[in-house]
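Read the structure below first, then the notes.
Count residues from 1 along the sequence.
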Amino acid sequence: MSDRVYTVAVTGCGKRGKVHADLFNKNPRFKVVGVNDVDQTRMEECANMGGNAPMFADTWEMLRTTKPDIYCFCTPPTLRLPLIKLAVEGGVKLIAYEKPMATSMSEAIEIRDLLARSGVKSVQSHQRKYNPQFKAVKELSTAAPSGGYIRSMLIVSAG
């Protein structure tokens, strides 16, 4: 296993953004190098949860200054494409964001093409806790004898 520590910048310091900053901070493989939000109070809370990460009023300034390996944002869907463009221009290696990917199919295709041309990877978080299959797994896990642990694995195939 690599000892490399990946740098992370976070935009959007609402509930989900704070969770991301907190979890990145708690993992020794990551270092939060910047947070950014339009709400100063939320940004301060997020910076604290991110290990007292530097705060930035401007997204581009944060990306330009910190040059993160990973750019994570939790914002309204209408901001996806502009933030992805900034991240690509800023030289990030991976972009992590919440669903949905885009506000339209044409925007999704533009994002896909931009990422493909630039070689930047992306990952989207999709919460599945209300999906019937995931509910069934939860029911099985709570029904396990003497609180035993049930391991589940999901395999998705395009074919």
Within a strict 4.5 Å, meaning less than it, do heavy atoms of the [X] and [Y] side chains meet?
| X | Y | value |
| --- | --- | --- |
| K26 | M49 | no |
| K31 | Y6 | no |
| Y71 | T11 | yes |
| I95 | L115 | yes |
| T78 | T103 | yes |
| E107 | S104 | yes |
| V8 | V10 | yes |

For the backbone of [Y] and the side chain of [X], can you confirm whether one donor and one acceptor N or O come within less than 3.5 Å of each other?
| X | Y | answer |
| --- | --- | --- |
| R80 | P100 | yes |
| R16 | T75 | no |
| T65 | M62 | no |

Side-chain heavy atoms under 4.5 angstrom apart, residues restricted to Ile, Leu, Val, Met, Phe, Trp, Tyr: same cluster for [X] and [Y]?
| X | Y | value |
| --- | --- | --- |
| V33 | W60 | no |
| I111 | V92 | yes |
| V120 | L79 | yes |
| V32 | L23 | no |

Is any side-chain N of the basic residue among [X] and [Y] closer than 4.0 Å to the acidic one's carboxylate O?
| X | Y | answer |
| --- | --- | --- |
| R117 | D113 | no |
| E45 | K18 | yes |
| D37 | R42 | yes |
| K85 | E110 | yes |
| D69 | R4 | yes |

So how far is it from [X] [atom1] to [Y] [atom2], rounded to the nearest 0.5 Å?
| X | Y | atom1 | atom2 | value |
| --- | --- | --- | --- | --- |
| I70 | L94 | CD1 | CG | 5.5 Å |
| I84 | E89 | CD1 | CD | 14.0 Å |
| M101 | R112 | CE | CZ | 8.0 Å |
| E44 | M55 | CD | CE | 5.0 Å |
| M43 | C13 | CE | SG | 7.0 Å |

Identify the two heavy atoms, one from [X] and one from [Y], that lie closest to each other, and give their separation to 0.1 Å.
| X | Y | result |
| --- | --- | --- |
| A9 | T66 | CB-OG1, 4.3 Å |
| G34 | F56 | CA-CE1, 4.0 Å |
| C46 | G17 | SG-O, 3.9 Å |
| A57 | N36 | O-ND2, 3.5 Å |

Does the plane of the ring in Y97 sit parallel, tilted or perpendicular to the ring in F73? Use 30° and 60° as the thresholds.
parallel

